[in-house]
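Contents: one structure, followed by commentary.
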There are 2 protein chains.
Amino acid sequence: MDARDARAERHTRDGIIDTALSLLEQTGLPDLSMRRLATALGVQPSALYWHFENKQELLAAVADRIVAAAQPVAPGSRDEEVAAVAHALRDALLAHRDGAETVLSTQALGLGSDAAHLRLAAALVGDASPADIVPEDVQADARVILQFILGHASLVQQRIQAARFGAFPAGEADIAESTADDFARGLRMLLAGLPAAAPPDAAGTHDASRAADQPMRSATPLRQ
Amino acid sequence: MDARDARAERHTRDGIIDTALSLLEQTGLPDLSMRRLATALGVQPSALYWHFENKQELLAAVADRIVAAAQPVAPGSRDEEVAAVAHALRDALLAHRDGAETVLSTQALGLGSDAAHLRLAAALVGDASPADIVPEDVQADARVILQFILGHASLVQQRIQAARFGAFPAGEADIAESTADDFARGLRMLLAGLPAAAPPDAAGTHDASRAADQPMRSATPLRQ
DNA sequence: ACCTGAACACCGTTCAAGT
DNA sequence: ACCTGAACACCGTTCAAGT
């Protein structure tokens with residue numbers, strides 16, 4: 001098992017990320033060390049530092065891969081699409097062991113891509129006409145929803161992990177089910193706080209209810 | 001600085017937690033090791049294992065201390081009280097370096113106290129009469145709000161930390177301000193998703209709108 | 001009751017050197 | 001261009017032994 005993958009072939013960033021992701025699945029984030037990863041690749045630990053600056057950068061790449069796997073969603077109303085994107089992101093995070101925590105810490109450190117934020121923002125805009133959009137509000141709403149998704153998924157996932165080791169009273173299935181209810185509830189609550197969506201094709205009926213609340217700031221999209 | 005605290009006096013759980021908390025402030029969570037903590041206490045690393053089972057248990061105690069420092073809130077309407085408790089919890093998390101992450105991972109592992117959850121649940125109940133309360137809903141709403149708080153605070157805090165090291169474009173103050181807006185927004189959105197609060201003193205006007213949506217389950221309070 | 005001393009099995013990262 | 005070998009400065013945890 002040690003050097004079984006140790007062909008004479010050299011490694012590539014993508015290949016290393018592949019192995020890191022499957023190692024994450026087997027061992028979990030706390031045991032995903034550079035040394036173990038090197039062993040799995042049949043290589044010395046120091047070899048990894050030719051491909052990645054450091055462990056954080058490697059984990060950021062893993063996080064991006066996890067988020068990129070989030071499924072596309074069917075078209076629908078604004079709220080339907082936001083909910084669908086949110087569920088797709090949640091599913092992607094929960095699809096890999098410690099996926100949520102990996103993505104959360106990467107996002108927090110300002111590493112990794114904006115993919116999750118961008119998908120939420122796109123769904124929030126929907127098919128509204130440009131006149132109905134306050135870019136600052138869209139960005140902020142996307143950040144808020146993403147913060148909930150990551151907080152929720154991190155808690156849920158570590159709870160599942162704890163249950164697997166018998167530290168928790170409930171079974172894995174119970175947790176997965178009851179927390180899915182929590183997620184739907186949180187999403188429902190958050191969507192209730194959005195302004196009413198502008199009716200499609202009703203160009204010119206500018207909903208200014210939100211813009212009036214907030215001082216105008218730069219429309220530069222902040223990375224999440 | 002090494003053995004300066006090393007009186008002949010022996011240590012206690014509380015004293016160790018004190019030192020751990022101030023070490024957290026100085027070094028951050030990644031550098032808060034058992035060995036460094038032992039050095040700060042003027043003791044061998046192994047001595048810590050007489051007081052705590054392991055590092056997780058120690059961190060759980062630190063997390064509890066952080067949450068316990070959340071300020072009490074003035075009485076008010078249900079939404080006012082929930083918002084006040086949420087802000088108090090956020091402030092407590094942000095008051096210590098890496099506080100949010102410490103509490104998040106402790107909560108996730110099922111360690112630490114329920115204090116944060118309980119305070120939110122109490123605010124959600126407010127002064128409603130028992131007939132107006134669906135315990136399952138209160139617990140779920142508290143979990144959802146806590147998930148948002150922890151997700152938000154973890155992201156914000158690690159972002160502040162990254163800014164301190166120059167990894168982020170914005171200054172610390174800008175981040176603190178703009179993220180406070182995000183938090184208020186998220187809270188507003190979540191509160192909009194709650195059912196209308198029962199008017200105080202209107203006993204008997206049972207709002208069943210929420211209870212009808214959800215199957216009745218056990219009213220046992222789940223630990224968050 | 002509380003701690004020392006020594007050990008075990010690990011870490012991330014750097015850097016000269018090899019091919 | 002990609003990797004080895006060796007080293008540096010660390011980890012968490014256990015356990016016999018001391019006082």
Side-chain angles (χ1 to χ4, degrees), chain A residues 1-20 23-24 26-63 98 101-102 105-106 109 111 161 165 167, chain B residues 1-20 23-24 26-63 98 101-102 105-106 109 111 161 165 167:
Chain A
M1 187 168 305
D2 283 332
R4 207 174 294 167
D5 307 79
R7 307 294 132 74
E9 289 162 24
R10 335 241 60 188
H11 292 292
T12 156
R13 268 181 82 99
D14 269 5
I16 294 171
I17 297 167
D18 283 343
T19 306
L23 199 58
L24 181 65
Q26 294 164 38
T27 67
L29 189 57
D31 291 331
L32 176 51
S33 67
M34 296 298 263
R35 296 176 108 101
R36 263 140 118 105
L37 178 55
T39 301
L41 289 163
V43 109
Q44 292 297 119
S46 49
L48 296 172
Y49 290 84
W50 194 90
H51 298 277
F52 299 90
E53 272 285 325
N54 49 42
K55 190 180 181 181
Q56 301 265 32
E57 193 192 295
L58 194 160
L59 288 179
V62 170
D98 290 339
E101 206 191 333
T102 304
S105 66
T106 294
L109 291 170
L111 305 173
Q161 211 50 42
F165 278 72
Chain B
M1 186 169 304
D2 284 330
R4 207 174 296 166
D5 306 79
R7 309 294 133 75
E9 289 162 23
R10 331 230 75 178
H11 292 290
T12 156
R13 266 182 82 101
D14 269 6
I16 294 171
I17 297 168
D18 283 341
T19 305
L23 200 57
L24 181 65
Q26 295 164 38
T27 67
L29 188 56
D31 290 332
L32 176 51
S33 66
M34 297 298 264
R35 296 176 108 101
R36 263 141 119 103
L37 178 55
T39 300
L41 290 163
V43 108
Q44 293 296 119
S46 49
L48 296 173
Y49 291 85
W50 193 90
H51 298 277
F52 299 91
E53 273 286 323
N54 50 44
K55 191 180 181 182
Q56 300 265 32
E57 193 192 295
L58 194 160
L59 288 179
V62 170
D98 290 339
E101 206 191 333
T102 304
S105 67
T106 294
L109 291 169
L111 305 173
Q161 211 49 42
F165 278 73

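Chain letters run A, B, ... following the sequence lines, proteins first and then strands; every chain starts at 1.
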Interatomic distance, T102(B) atom OG1 to L32(B) atom CG [nearest 0.5 angstrom]: 8.0 Å

OG1 of T27(A) to CG of D98(A): how many Å apart, nearest 0.5 Å? 8.5 Å

note: L41(B), atom CG; dC3(C), atom C1'; distance rounded to Å ~ 12 Å

For a quick check, with a 4.0 angstrom heavy-atom cut-off, what is the B/S/- contact string for nucleotides 8-19 of chain C, read 5' to 3'? ---BBBBB----

dC10(D) to dC8(C) separation - C1' atoms, rounded to the nearest Å: 15 Å

Hey, what do you get for OG1 (T19(B)) to CG (L24(B)), rounding to the nearest 0.5 Å? 12.5 Å

Looking at every non-hydrogen atom in both residues, tell me the closest pair between T106(B) and A63(B) and how far apart they are. OG1-CB, 3.6 Å

Spell out, as yes or no, whether a donor-acceptor pair under 3.5 Å connects the side chain of N54(A) to the backbone of E57(A). yes

Which string of ( ) [ ] | and . matches DNA chain C, if you list each base 5' to 3' and count Watson-Crick or G-U pairs only when both distances are under 3.5 Å? ||.|||||...|||||.||

Distance in angstrom units between H51(A) NE2 and dC2(D) P, rounded: 6 Å

Which value, rounded to the nearest 0.5 Å, describes the distance between M34(B) atom CE and L41(B) atom CG? 10.0 Å

Hey, what do you get for CZ (F52(B)) to CD1 (I17(B)), rounding to the nearest 0.5 Å? 4.5 Å

Output the distance between atom CD (E101(B)) and atom CG (L29(B)), rounded to the nearest 0.5 Å. 5.0 Å

